[in-house]
Participant: 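Provided herewith is a single structure, encoded as structure tokens, for subsequent inquiry.
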Amino acid sequence: MLLTRLARVSQEVAATSARSRKIALLAELFRDAEPADVPIVIPYLAGRLPQGRLGVGWKVLSRPVAPAAEPTLTVREVDALLGALGKVSGAGSQAERARLVGELMAAATEDEQRFLLGLISGEVRQGALDAVAIEGLAQATEAPSADVRRAVMLAGSLQTVAEALLADGPPALDRFRLTVGRPVLPMLAHSASSVAEAVDKLGACAVEEKLDGIRVQIHRDGEVVRLYTRTLDDITDRLPELTSAALELRGERFILDGEVIAFDEDGRPRSFQEIAGRVGSRVDVTTAAETVPVSPVFFDALSVDGRDLLDLPFGERHAELARLVPEPMRVRRTVVAGPEDVSAAEEFLAETLKRGHEGVVAKSLDAPYSAGRRGASWLKVKPVHTLDLVVLAAEWGHGRRTGKLSNLHLGARTADGGFAMLGKTFKGMTDAMLTWQTERLQELAVDTAGHVVTVRPELVVEIAYDGLQKSTRYPAGVTLRFARVVRYREDKRPQDADTVETLLAAHPEVRP
DNA sequence: TTCCGACAGTGGGGTCGCAAT
DNA sequence: ATTGCGACCCCACTATCGGAA
């Protein structure tokens with residue numbers, strides 16, 4: 001199949017906003033793909049490269065290359081070239097990668113270049129990723145979409161399911177079962193603004209500590225243990241403590257879901273930054289393990305002794321977990337009967353925060369494990385802090401925010417009467433706010449060159465954030481975690497904004 | 001008819017590791 | 001040695017479609 005066909009379909013998919021139309025367009029293309037093209041065409045149209053990342057980013061992609069006049073590239077040629085690109089390493093590799101990208105782009109027409117650019121940079125912006133591609137695949141093969149989706153979650157890969165399905169038809173879906181050693185996409189949580197709201201929605205539920213670490217799925221088959229992250233990367237070699245912990249458990253074969261965290265000498269949880277650094281360390285694992293030893297804390301069991309527990313209600317899965325995992329290695333929790341019990345849940349949240357954790361997750365006791373989905377049966381509750389900060393500058397947006405000032409630079413007052421930048425945010429704005437702030441900030445602009453518009457520090461904005469963390473980037477030595485806009489405070493003047501001093505006082509556990 | 005779940009998009013900060021300077 | 005870049009951890013929120021209520 002020619003790449004130009006994919007580029008054209010991707011453009012059509014992007015042009016329509018109707019999801020049903022996107023699905024139909026993808027299905028038509030999938031039907032026409034030759035078997036050898038399938039493992040390439042499916043991920044490409046889901047906006048992803050089968051090779052994953054290539055070591056090529058904006059720096060290389062932004063170099064313009066004269067396009068070819070006629071479309072001649074086949075998807076298999078492109079795949080072969082990108083495959084080679086991903087394998088380049090060692091000295092001179094950056095130049096070699098740039099050369100290969102240049103070669104590919106020179107062989108592509110203008111439309112194809114645009115498509116390849118989006119693909120390699122991970123920004124296809126066609127309004128269809130895996131979930132829509134799954135629907136398209138289901139339509140193309142006349143398989144029930146729920147079955148296809150389930151198979152993809154269990155395989156952890158759209159591509160393998162697509163190949164099997166297009167080769168052998170719907171019966172091939174039966175081959176995808178929960179298997180120890182093959183990671184499944186983890187279940188995710190929604191947010192609730194309070195414990196009361198969460199308990200109200202769920203009724204009888206477990207309220208569990210929410211630990212601020214790294215999600216881990218642990219597989220044991222006899223003496224073999226493997227660990228996977230939320231995105232199904234294998235991190236077994238980086239966390240030897242977890243392998244030991246898994247081997248000490250009573251079961252021989254199981255899949256558990258949990259979080260990796262670390263404690264300091266006083267038994268307080270270490271900061272997310274320290275844990276993420278540890279999990280990210282690959283080269284000198286021994287030293288990293290001595291500096292920041294980690295522990296697993298489990299909260300769910302997906303498979304025990306070859307039995308698939310995914311469809312069991314959470315209450316029953318937890319009973320299995322409790323049989324296998326001793327108390328200290330399980331997440332702390334309390335069970336509430338319903339809204340009449342909300343004070344117990346609130347008390348548990350207060351205790352959890354006192355122990356230094358992030359918040360709680362309320363989980364319905366009768367919900368199955370919805371792999372890969374952000375089910376409404378898990379609701380996280382975290383305390384939210386707010387500040388009044390001053391807008392120091394704004395950046396022009398991309399994609400659907402093109403032409404709008406989007407990303408705000410936020411400052412707090414300093415002792416000398418100036419402002420210290422604490423970070424940026426583009427979150428929480430409605431379209432109306434984007435339009436309004438684009439106009440207002442341009443009135444305040446003092447420097448409009450480049451993609452950052454610097455403004456007079458006069459506009460006060462209320463910002464919500466999850467916490468403070470250390471920073472080497474910002475002048476106060478700290479930055480806000482997950483900052484988002486609540487509303488503009490036109491009733492406040494910049495001299496009414498919060499100061500760095502009060503911010504630091506509110507978070508005594510964080511020192512710049 | 002209205003409501004709500006699921007999705008895609010828009011990027012944020014930090015850290016590590018590798019290659020280039 | 002230091003710097004720049006890319007990959008991957010964590011994440012919030014809004015707009016929109018389309019099925020459920």
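Being a predicted model, the structure only gives us computed values, none of them experimental. Quick note: numbers below take in every heavy atom, side chains included, and nothing from hydrogens, waters or symmetry partners. Chain letters run A, B, ... following the sequence lines, proteins first, then strands; residues in each count from 1.
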Participant: Any side-chain N or O of A/Arg481 below 4.0 angstrom from OP1/OP2 of C/dC11?
Facilitator: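 Answer no for this pair, as no side-chain N or O of A/Arg481 is under 4.0 Å from OP1 or OP2.
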
Participant: With A/Ala162, which residues qualify under side-chain contact (heavy atoms from CB on, under 4.5 Å), at least two apart?
Facilitator: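 In terms of side-chain contact (heavy atoms from CB on, under 4.5 Å), with neighbours along the sequence ignored, A/Ala162 is linked to A/Val38, A/Ile42, A/Leu137.
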
Participant: Whole angstrom is fine here: how far is it from CD in A/Glu123 over to C1' in B/dG12?
Facilitator: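 Rounding to the nearest Å, CD of A/Glu123 and C1' of B/dG12 are 14 Å apart.
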
Participant: Determine which nucleotide pairs with C/dC17, using a 3.5 Å limit on both distances of a Watson-Crick or G-U wobble pair.
Facilitator: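 Because both required distances fall under 3.5 Å, C/dC17 counts as paired with B/dG5.
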
Participant: For the pair made of CZ in A/Arg97 and C1' in B/dA20, what is the distance, rounded to whole Å?
Facilitator: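 Value for this atom pair: 12 Å.
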
Participant: Under 4.0 Å, heavy atoms only, any strand: does A/Lys22 hit a base, just the sugar-phosphate, or nothing?
Facilitator: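 No contact.
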
Participant: Over how many whole Å does the gap from A/Ile214 atom CD1 to C/dA7 atom P extend?
Facilitator: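 Between P of C/dA7 and CD1 of A/Ile214: 19 Å.
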
Participant: Between A/Ile261 (CD1) and C/dC9 (C1'), how many Å, whole number?
Facilitator: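 A/Ile261 atom CD1 is separated from C/dC9 atom C1' by 16 Å.
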
Participant: The side chain of A/Val132 lies closest to which of these nucleotides: B/dG9, B/dC7, C/dC9?
Facilitator: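 The closest nucleotide is B/dC7.
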
Participant: Is there any salt bridge (Lys or Arg N to Asp or Glu O under 4.0 Å) pair reaching into residues 472-481 of chain A, and which pairs are they, with sequence neighbours excluded?
Facilitator: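 Checked against salt bridge (Lys or Arg N to Asp or Glu O under 4.0 Å) - neighbours excluded - the pairs reaching residues 472-481 of chain A are A/Asp212-A/Arg481.
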
Participant: Please confirm whether the shortest side-chain N or O distance from A/Thr231 to OP1 or OP2 of C/dC9 is below 4.0 Å.
Facilitator: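 Looking at the OP1 and OP2 atoms of C/dC9, one of them is under 4.0 Å from a side-chain N or O of A/Thr231.
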
Participant: With sequence neighbours left out, what residues match A/Arg19 under salt bridge (charged side-chain N to carboxylate O under 4.0 Å, His left out)?
Facilitator: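 Salt bridge (charged side-chain N to carboxylate O under 4.0 Å, His left out) check on A/Arg19 returns nothing, list empty.
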
Participant: Heavy atoms only, 4.0 Å cut-off, all strands: where does A/Gln126 land among base, sugar-phosphate and nothing?
Facilitator: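 Touches sugar-phosphate only.
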
Participant: So which of residues 276-284 of chain A are in contact with DNA chain B, with a heavy-atom cut-off of under 4.0 Å?
Facilitator: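 The answer is A/Gly277, A/Gly280, A/Ser281, A/Arg282, A/Val283.
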
Participant: Roughly how many Å is it from CE in A/Met187 to C1' in B/dG5, rounded to a whole number?
Facilitator: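 Atom-to-atom, A/Met187 to B/dG5, this comes out as 13 Å.
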
Participant: Please enumerate all residues that pass salt bridge (charged side-chain N to carboxylate O under 4.0 Å, His left out) together with A/Asp233, with sequence neighbours excluded.
Facilitator: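 Counting only residues at least two positions away or on another chain, A/Asp233 forms no salt bridge (charged side-chain N to carboxylate O under 4.0 Å, His left out).
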
Participant: Does C/dA12 have OP1 or OP2 under 4.0 Å away from a side-chain N or O of A/Lys380?
Facilitator: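 Answer yes for this pair, as a side-chain N or O of A/Lys380 is under 4.0 Å from OP1 or OP2.
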
Participant: Between B/dG13 and A/Tyr474, is there an OP1 or OP2 to side-chain N/O distance shorter than 4.0 Å?
Facilitator: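 Yes, because at least one side-chain N or O of A/Tyr474 sits under 4.0 Å from OP1 or OP2 of B/dG13.
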
Participant: Have a look at A/Thr425 and say if it touches a base, only the backbone sugar-phosphate, or nothing, with a 4.0 Å heavy-atom cut-off.
Facilitator: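 Nothing: the residue A/Thr425, judged by heavy atoms under 4.0 Å, touches no strand.
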
Participant: Would you please confirm or rule out a distance under 4.0 Å between OP1 or OP2 of B/dG12 and any side-chain N or O of A/Arg473?
Facilitator: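 No, A/Arg473 has no side-chain N/O under 4.0 Å of OP1/OP2 on B/dG12.
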
Participant: Please confirm whether the shortest side-chain N or O distance from A/Asn407 to OP1 or OP2 of B/dT10 is below 4.0 Å.
Facilitator: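 A/Asn407 to B/dT10 OP1/OP2: no side-chain N or O under 4.0 Å.
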
Participant: Hey, does A/Lys424 reach any base, or is it just sugar-phosphate, or nothing, if we go heavy atoms under 4.0 Å?
Facilitator: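 Result for A/Lys424 = sugar-phosphate.
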
Participant: Does A/Leu54 reach a base, just sugar-phosphate, or nothing at all? Heavy atoms under 4.0 Å.
Facilitator: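 Sugar-phosphate only.
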
Participant: Check whether any side-chain nitrogen or oxygen of A/Lys470 sits under 4.0 Å from OP1 or OP2 of B/dG13, and answer yes or no.
Facilitator: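 Answer is no, no contact under 4.0 Å.
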
Participant: Could you check how far CD of A/Gln273 sits from P of B/dT15, rounded to whole Å?
Facilitator: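 Distance, rounded to whole Å: 5 Å.
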
Participant: Indicate whether OP1 or OP2 belonging to C/dC5 is found under 4.0 Å from a side-chain N or O atom of A/Lys59.
Facilitator: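 Looking at the OP1 and OP2 atoms of C/dC5, one of them is under 4.0 Å from a side-chain N or O of A/Lys59.
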
Participant: Could you name each residue pair satisfying ring pair (Phe, Tyr, Trp, His ring centres under 6.0 Å) that touches residues 379-403 of chain A, not counting sequence neighbours?
Facilitator: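 Sorted pair list: A/His385-A/Tyr465, A/His385-A/His507.
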
Participant: What is the distance, rounded to the nearest whole Å, between atom CG of A/Asp212 and atom C1' of C/dC9?
Facilitator: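 Taking CG of A/Asp212 and C1' of C/dC9, I get 11 Å after rounding.
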
Participant: Please enumerate all residues that pass side-chain contact (heavy atoms from CB on, under 4.5 Å) together with A/Val297, with sequence neighbours excluded.
Facilitator: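 Checked A/Val297 against side-chain contact (heavy atoms from CB on, under 4.5 Å); matches are A/Leu211, A/Ile261, A/Val331.
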
Participant: Hey, does A/Ala464 reach any base, or is it just sugar-phosphate, or nothing, if we go heavy atoms under 4.0 Å?
Facilitator: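 No contact.
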
Participant: Can you find a side chain N or O atom of A/Thr479 that sits less than 4.0 Å from OP1 or OP2 on B/dG13?
Facilitator: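 Answer no for this pair, as no side-chain N or O of A/Thr479 is under 4.0 Å from OP1 or OP2.
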
Participant: Please identify each residue that fulfils salt bridge (charged side-chain N to carboxylate O under 4.0 Å, His left out) with A/Arg48, with sequence neighbours left out.
Facilitator: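 Counting only residues at least two positions away or on another chain, A/Arg48 forms a salt bridge (charged side-chain N to carboxylate O under 4.0 Å, His left out) with A/Asp130.
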
Participant: Does a side-chain N or O from A/Gln469 land closer than 4.0 Å to OP1 or OP2 of B/dG13, or not?
Facilitator: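 For B/dG13, neither OP1 nor OP2 has a side-chain N or O of A/Gln469 closer than 4.0 Å.
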
Participant: Restricting both atoms to N or O, compile the protein contacts to nucleotides 18-21 of chain C shorter than 3.5 Å, with distance only.
Facilitator:
residue	atom	partner	partner atom	Å
C/dG18	OP1	A/Arg19	N	3.0
C/dG18	OP1	A/Ser20	N	2.7
C/dG18	OP1	A/Ser20	OG	2.8

Participant: Not counting sequence neighbours, which residues clear salt bridge (charged side-chain N to carboxylate O under 4.0 Å, His left out) with A/Arg149? List them please.
Facilitator: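 So A/Arg149 forms a salt bridge (charged side-chain N to carboxylate O under 4.0 Å, His left out) with A/Glu135.
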
Participant: For the pair A/Tyr488 and A/Trp436, name the ring-plane relationship: parallel under 30°, tilted 30 to 60°, perpendicular over 60°.
Facilitator: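 A/Tyr488 vs A/Trp436 ring planes: tilted.
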
Participant: May I ask you to list the residues of residues 482-489 of chain A, by number, that have any heavy atom positioned under 4.0 Å from an atom of DNA chain C?
Facilitator: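 The stretch gives A/Phe482, A/Arg484 as the residues lying under 4.0 Å from the strand, ordered by number.
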
Participant: Answer yes or no: does a side-chain N or O of A/His398 lie under 4.0 Å from OP1 or OP2 of B/dG9?
Facilitator: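 No, outside the criterion.
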
Participant: Heavy atom of residues 133-152 of chain A under 4.0 Å from DNA chain C: which residues?
Facilitator: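 Correct list: empty, so none.
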
Participant: Roughly, in whole Å, what's the span from CZ in A/Phe272 to P in B/dC16?
Facilitator: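 Going from CZ in A/Phe272 over to P in B/dC16 covers 12 Å.
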
